[in-house]
Every structure is written in structure tokens, then in C-alpha cells.
2 protein chains.
Amino acid sequence: MSVSKPSTDAQRPRRTQAERSETMRQRILDATLECLQKDGYGGTTVSRIIEVAGVSRGAPLHHFPSKSALIAASAEQLIRRVYIQMGKAVAKLQGSEDRLHDLIYSAWKNVFNRPEHIALHELLVASQRDQELAEILQKVWTAGYFTLGNAADHYLEPIGDQANVRDMMILTQWLLRGMAEDLHIVANRKLFDRYLKLWCEMLAVHLRARAGVTEPPPRPPQWDSSPSNDS
Amino acid sequence: MSVSKPSTDAQRPRRTQAERSETMRQRILDATLECLQKDGYGGTTVSRIIEVAGVSRGAPLHHFPSKSALIAASAEQLIRRVYIQMGKAVAKLQGSEDRLHDLIYSAWKNVFNRPEHIALHELLVASQRDQELAEILQKVWTAGYFTLGNAADHYLEPIGDQANVRDMMILTQWLLRGMAEDLHIVANRKLFDRYLKLWCEMLAVHLRARAGVTEPPPRPPQWDSSPSNDS
DNA sequence: AAACATGCTGAACGTCCGTATTGTAAATGG
DNA sequence: CCATTTACAATACGGACGTTCAGCATGTTT
């Protein structure tokens, strides 16, 4: 219900305006993402957001010109978060014995089978009727393509000559996305593990670990800690 | 904008109450599905539905106790329609030269790459927060599993011994569903054909056409023309 | 310290939502 | 042929939506 309230503000009664403003802005963004995840796109109303954030009704529109701008800013932040997390996860696979399996599982566990992905997916679906959102969500394509694609290209190599590592990672992402949509339909969670394993076996026909890779994959360009500069 | 207006009602000024009622009911259901497809779940309001159907505001709630009941009835009807269509499509593949390829393409063209699937997908996403819808949408799992699974089992056989036809069809459905969500993001439509082809090649490692299959697959049980008996 | 600027509150506004109610034409049944 | 029932139209209602705005603290500047 609450999103990171400032510890005890008796401790620091004085903060600069910029500080106040930034924490408030962040609090609203976090509350929006929490709403998207728990209540869906349709349930993400201003009333609900301010309830979760614990702020007044006017606060969100003081920082964002409209609700759709707030959603857009939340989307940008979420995409960055999700794929940075994934980038970090796939950077720790040098010591793995079965790199293909661990890469796929890492993508599943760190992206598609996460609460954050629910919010991201809500936005993706909403973007079918919202041009502005669609342009932002295109970054998911790019982000996924490079994060998973680069990592796979770094750790794995094709076995045959017509196989292509990056293409198979694109198929992987579509598959995992489709799987994630059945999480609430299919009760038996172990089923998903079974099919994930089957998918790894199908990939293993065409991909194998590169020999002697001890370095983590190169980091994507600007994705370190650019705060949140948007609209 | 309009959904199957009665041809020329000057021709038949008298119809039984049951007839009037049934056509009206169907008109409302069709309008609801059209709304779901064009305006999404959130945009499917009573106002929009009656505008599309060209009926009064009271009409929908005369036939359905509430809006959610209307949505539920529409969902049931849609699921039946979509997978009957798929069943018919995959029943014509005996003459195909590349049955695996044609089966996958048929699933894509007749289900996932169709306007109706957009509506179905909206309902699937909404069912994450709606228990009643979720129970209805479970039928999509069952329907997909049997329709595509049975057909594949009929036309194809595993090559290795650990391969399983039905499991691979489940992966196929997840993949196609995930692909369909990027249709509005990725401008180049030919890309999807490329990846569909790649997927077929990956499947071809494990599946091949059964020899001497000239019959169409057996029809699923009750799926012929049961009108629309629900809630 | 006084004057100003900024960050946010909280009430209010108009619009649209889903539903309830009342009225009217058409079909049914004696 | 008329009373009754059914099918739908039309309007009204309370509530929730996104947005606006005057007011009040809290920093900032002079």
C-alpha cells in the first residue's frame, strides 16, 4: 500500500526544494507502477495512484502535465529498470556449466516471470491503442534484442551454419512472453519449468557454449544510471 | 460501425418474440466483440456498444443482467468461433506437401494473426484481474491444446523418441501469441514470416509428416453448431 | 527580515461510466 | 378482439473519472 515513505522527517525538517520535488516525483512514479502491476492499466486511476503514494490529489498533475504523460514517464522508467536488471543477471553467467540453460532461465526469472513484467505487459497491451505509448514500448524491442541478444552472442555460438544466435533469442522472448500470459490460467507452476526445459533442449540442437569465455558480455551503451530525463 | 442490420424489415413486419429477441441478443454480442477488438477492453463501454449495435441504452441490460455478464457471454462465443474456425482450417491439410509448415502457418493466419484474436487477447489480459473471466479463458487453453494438438498428432509424428508432438504445439501457441503482441510495434511484416519459417525449421528437427495420412483429423466433440447457450 | 517563488493540498467542476426506472409498441393468448 | 405479457426505447441517477484552481505552508532570494 505504501511506497518508501521518507524514514522519519523529524530527523531532517529542511530539504531543498529540488530534493522535495524529486522524491515526490519518484514516489508518484513508483505508485503508478505498483498500480499498473496490481490493478492493471484500466485500474490505474489518479485516485488509486494518490492513495498508494499517500499524496494529495493535485500532486501528480503538478509534476506531470496529464495522466498520460505520467503513464509515459512510468513506462520509460520501468523499461530501463527491467532491462538493467536483466543485464546485470546475464552478466554473471561465466561460471555456469550449462550456459544456454542458465541464460534462458535467467531471462524467465529476471524478466518475464516477475511482477514488474506484469506492469510492462499491461503497458504493451495498452500501447495497441496509444501511439505515444507504442513509441515508448518500441524500446522494449530494442532493449530485449540487445540485452538478451548480446549476452547470447557472447556466451553461445551456432552449431550448424544456418543457425543464428540472435534470431533464436527473439523467438525465445516471444515464447517467454506468451508463457507469462498463462501464469494465471494454468495452476501447475511446474509445467512451465518443464516447457522451459524442453525449449532449452530444442535450442541446444542449434546453439552451444563458446569455448573459453571468462569475461562477462559487454555492457550496453548508456544504461548505467541516467536518472530519469524525460518529457 | 454497423453490425448486420436486419435486411429490410418492411419485407417482414411480423416476427415472433423469440426471433426478435435472439437477433437483438446476437447484435449486442457482435457489437461487444467489435468494440473489444477496436477499442480494447477498457474502451468497451456500454455507450460504445450500443452505438455500434445501433440500439438503445437499455437493450444490453435487458438481455444480460450486468455488463460483466455481457462480456462473459461474448467471451464464450468468441472462443467457440475462433477455434471452430481453426478446426476447419486444419481439416484441409491432407493435400499439403509440407504439412508441418502449413499447420503452423494455418494456426498463425487463422487464429493469432486475426482481428478476432485481438479481442480474445484483450479478454485474456483482463482475466488476470477477473476470476470469472479467468475461468472462461481457461477454455482457450483446452481449446488450443486439443484443436492444434489433435491436428498435429494426426498429421505429424516425432522423429526422435523423446520428442512429443503435443508439447511442441503448446510451445507453438505461446510463441505465436507472443509474436502477435509485437504486430503493432514492428513495422516490417515480412519479419514475422521469416521467424515463422525459422520456427518451422526448428520443429522440423523433431517432427515429420506421418506417411499415408489422407483423412482429416477427427472433429472435436460438441463443437459444431451449438447456438450460444450460456448464463 | 521581508518579499518572493515554489511544492503541494484539498475542494470543486464537467464528463462519462454502469445501472434503475418508466413508458410504449409489438406479440401472445383467451 | 381485447387483456396480458414481452421486447425494447428513453430518460434519469449516483458515483468515479481526469482536470482545474485558489490557498497555504515551505524554501529561496534580496
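Throughout, a chain's letter reflects where its sequence line sits, starting with A, and its residues are numbered from 1. Excluded from the calculations below are hydrogen atoms, water molecules and symmetry mates; all remaining heavy atoms, backbone and side chain alike, are included.
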With the side chain of [X] defined as its heavy atoms from C-beta on, choose the nearest nucleotide among [options].
X       : options               : result
A:Ser66 : C:dT19, D:dA7, D:dT19 : D:dT19
A:Leu61 : D:dT20, C:dG7, C:dT19 : D:dT20
A:Ser56 : D:dC8, C:dG10, D:dG27 : C:dG10
A:Met24 : C:dT9, D:dT28, D:dA7  : C:dT9
A:Gln17 : C:dC8, D:dG27, C:dG18 : D:dG27
A:His63 : C:dT6, D:dT19, C:dC8  : C:dC8

Under 4.0 Å between a side-chain nitrogen and a carboxylate oxygen: does that hold for [X] and [Y]?
X        : Y        : answer
A:Glu122 : B:Arg129 : yes
A:Asp102 : A:Lys109 : no
B:Glu34  : B:Lys38  : yes

What integer distance in Å separates [X]:[atom1] from [N]:[atom2]?
X       : N      : atom1 : atom2 : result
B:Ile50 : D:dC8  : CD1   : C1'   : 12 Å
B:Ile71 : C:dC17 : CD1   : P     : 13 Å
A:Glu19 : C:dT6  : CD    : P     : 17 Å
B:His62 : C:dT22 : NE2   : P     : 17 Å
A:Arg15 : C:dT6  : CZ    : C1'   : 14 Å
A:Ile28 : C:dG7  : CD1   : C1'   : 11 Å
B:Asp39 : C:dC17 : CG    : P     : 11 Å

Q: Would you tell me if any nitrogen or oxygen in the side chain of A:Thr16 comes within less than 4.0 Å of OP1 or OP2 on D:dG27?
A: no

Q. Just to confirm, is there a sub-4.0 Å distance from OP1 or OP2 of D:dC17 to any side-chain nitrogen or oxygen of A:Ser47?
A. yes

Q.
At 4.0 Å (heavy atoms only), tell me whether B:Ala59 reaches a base, stays on the sugar-phosphate, or touches nothing.
A.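 If one applies the 4.0 Å heavy-atom cut-off, B:Ala59 turns out to touch the sugar-phosphate alone, with no base involved.
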
Q: Quick one: label B:Arg20 by what it contacts on the DNA or RNA (base, sugar-phosphate, nothing), any heavy atom closer than 4.0 Å.
A: sugar-phosphate

Q: State which residues pass side chain to side chain donor-acceptor pair (under 3.5 Å) with A:His62; sequence neighbours excluded, sorted by chain then number.
A: none

(Q) Let's test your reading of the model: under 3.5 Å, does the base of C:dG7 pair with the side chain of A:Arg25 as donor and acceptor? (A)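 There is none.
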
(Q) With a 3.5 Å cut-off and heavy atoms only, can you find an N or O donor on one side and an acceptor on the other between the side chain of A:Arg57 and the base of D:dG18? (A)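 Present.
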
Q: With DNA chain C as reference, determine whether B:Gly58 or A:Ser21 sits nearer its 5' end, using the nearest nucleotide of each.
A: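 Nearer the 5' end of the strand: A:Ser21.
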
Q: Taking the side chain as every heavy atom from C-beta outward, state whether A:Tyr105 and A:Asp193 have any atom pair closer than 4.5 Å.
A: yes

